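Numbering of residues begins at 1 and proceeds along the displayed sequence. Note that the coordinates shown come from a computational prediction; the quantities given were computed from them, not determined experimentally.
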Amino acid sequence: MATISQFNLSPSMIFSSTSKHPRFASKRVFLSLNSIKAARNPVEKLQLWSRESVRGRPVFRVRSVDDDEEPISEGASVVAVAEEEEKKPEKDAEIESLKKALVDSFYGTDRGLRATSETRAEVVELITQLEAKNPTPAPTEALTLLNGKWILAYTSFPGLFPLLSRSPMLVKVEEISQIIDSENFTVQNSVLLSGPLATSSISTNAKFEVRSPKRVQIKFEEGIIGTPQLTDSIVFPENVEFLGQKFDLSPFKGLLTSVQDTASSVAKTISSQPPFKFSFSNRNAESWLLTTYLDEDLRISRGDAGSVFVLIKEGSPLLKP
């Protein structure tokens, strides 16, 4: 690479070029300012070269340097890029390993409700390591990654624990999810409930505003209680076991059939009703969310109460047992 080693505003201007190939090396050329006629245009100025310096037509890159600065090797930037490319697969493999370990640590915790103190500490450590390797440092500028349906895998938010622990008998929380529409800046949080006779859902609709590269402000607008979807065909077992004893239900077959017909009629009536909606009007209907890790499979967010939420994108292999 050629460098301008001296550039003095004196009657003589000294140009020097260097090359690691001797045949491309140029000699110093002293040009008197008085001997140089004014060029007609900037292109002619670029033609003031020594004939010996252009022999072989080498390509020169010019940059100013201090007298005591050593020139940078032409291959240095190439080597740096190559080293970075070699480290990338190692970094990706480490992230995938951390993600798998994190999801494995959720086993048996019921989304964090039944997590022991040791498990919580392990989860916090894994989350901290992933946040340090976040491949998306500005999540709100990558809305296409945020877009879609996310399934809640783990949380430390105490507000959800009563829902998970105090559900009515035989009613199970099947799924807690969040759907983000980045085009319309909307968020829908949903809880899917199931029982032996019906399924239903509770959801909230909200708008969000981007406040920083990681933070969004959420304002809840309405809540929706879905119409229970009753099963129109109830299958009763032939016998049941209670306290180690089996009871034959065949004598009650006629009665059970009558109950089945009644349930079917009720199911059709209730399922045809519209869902119940209610609005949020107070100031407490606002919150903010900080996304600290984001890729195509996994999202880690922190709420304004210091709670952590770990969500997995719908269809991700991380959801498979």
Side-chain angles (χ1 to χ4, degrees), residues 81-107 109-112 115 119 122-157 160 173-192 201 203-218 287-304 307-321:
V81 171
E83 290 179 350
E84 186 66 25
E85 290 297 325
E86 289 179 359
K87 292 179 181 179
K88 187 176 180 180
E90 296 179 2
K91 182 179 180 181
D92 292 344
E94 186 177 0
I95 289 177
E96 291 301 318
S97 177
L98 287 171
K99 286 163 58 176
K100 186 178 184 304
L102 178 63
V103 174
D104 288 346
S105 68
F106 300 154
Y107 180 78
T109 66
D110 193 8
R111 304 177 184 86
T119 300
E122 180 185 359
V123 169
V124 169
E125 175 62 25
L126 291 169
I127 286 176
T128 301
Q129 292 184 50
L130 278 170
E131 288 175 334
K133 302 178 183 300
N134 183 16
T136 314
T140 59
E141 297 175 7
L143 293 180
T144 53
L145 279 179
L146 283 171
N147 207 42
K149 183 177 181 180
W150 297 86
I151 311 300
L152 181 69
Y154 179 90
T155 183
S156 62
F157 179 50
L160 279 179
V173 177
E174 288 288 347
E175 180 183 274
I176 300 176
S177 64
Q178 184 177 73
I179 299 176
I180 298 178
D181 183 350
S182 60
E183 293 184 0
N184 298 307
F185 292 89
T186 61
V187 178
Q188 183 182 68
N189 298 323
S190 299
V191 179
L192 180 63
S201 64
S203 60
T204 59
N205 293 331
K207 287 279 190 179
F208 72 88
E209 296 179 0
V210 175
R211 295 295 178 86
S212 77
K214 292 184 177 182
R215 180 173 172 265
V216 296
Q217 189 75 17
I218 299 176
S287 180
W288 58 262
L289 206 61
L290 195 70
T291 300
T292 56
Y293 181 91
L294 176 66
D295 63 20
E296 63 277 4
D297 292 318
L298 187 71
R299 175 161 65 94
I300 300 174
S301 299
R302 295 182 180 271
D304 50 6
S307 303
V308 65
F309 301 87
V310 181
L311 301 101
I312 301 174
K313 196 70 166 285
E314 183 181 42
S316 169
L318 292 175
L319 287 174
K320 297 179 181 179

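- Residues Y293 and P135 meet the side-chain proximity criterion, which asks for heavy atoms closer than 4.5 Å.
- From I312, atom CD1 reaches atom NZ of K99 across 9.5 Å, with rounding to the nearest 0.5 Å.
- Two residues are said to be in side-chain contact when any heavy atoms from C-beta on lie closer than 4.5 Å; L130 and L298 meet this criterion.
- Screening V310, L318, L98, L126 for a side chain to side chain contact (heavy atoms under 4.5 Å, CB included) involving V103 leaves a single residue, L318.
- None of T186, I180, T140 except one satisfies the side chain to side chain contact (heavy atoms under 4.5 Å, CB included) rule with F208; the exception is I180.
- The distance from atom CG of N205 to atom OG of S190, rounded to the nearest 0.5 Å, is 7.5 Å.
- With contacts defined as side-chain heavy-atom distances shorter than 4.5 Å, the pair I176/I151 does not qualify.
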>> Applying side chain to side chain contact (heavy atoms under 4.5 Å, CB included) to N147 and D181, what does each step give before you reach the verdict?
In response: CA-CA 6 Å; N147 207 42; D181 183 350; 4.3 Å; yes
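- T292 pairs with exactly one of K214, R299, E131 by the side chain to side chain donor-acceptor pair (under 3.5 Å) rule, that one being E131.
- The aromatic rings of F157 and F309 are tilted relative to each other, their planes meeting at an angle between 30° and 60°.
- Closest approach of A142 to L294, counting heavy atoms only: O-CD2, 4.3 Å.
- Across every non-hydrogen atom of K313 and L145, the tightest pair is NZ-O, 3.5 Å.
- Under a cut-off of 6.0 angstrom, the local environment of NZ in K207 is crowded, with over 12 non-hydrogen atoms contributed by other residues, nucleotides or ligands.
- Closest approach of Y154 to T109, counting heavy atoms only: CD1-OG1, 4.2 Å.
- Inter-residue side-chain proximity for F185 and L143 is flagged as met; some heavy-atom pair is nearer than 4.5 Å.
- Between K149 and E175, some side-chain heavy-atom pair lies under the 4.5 Å cut-off.
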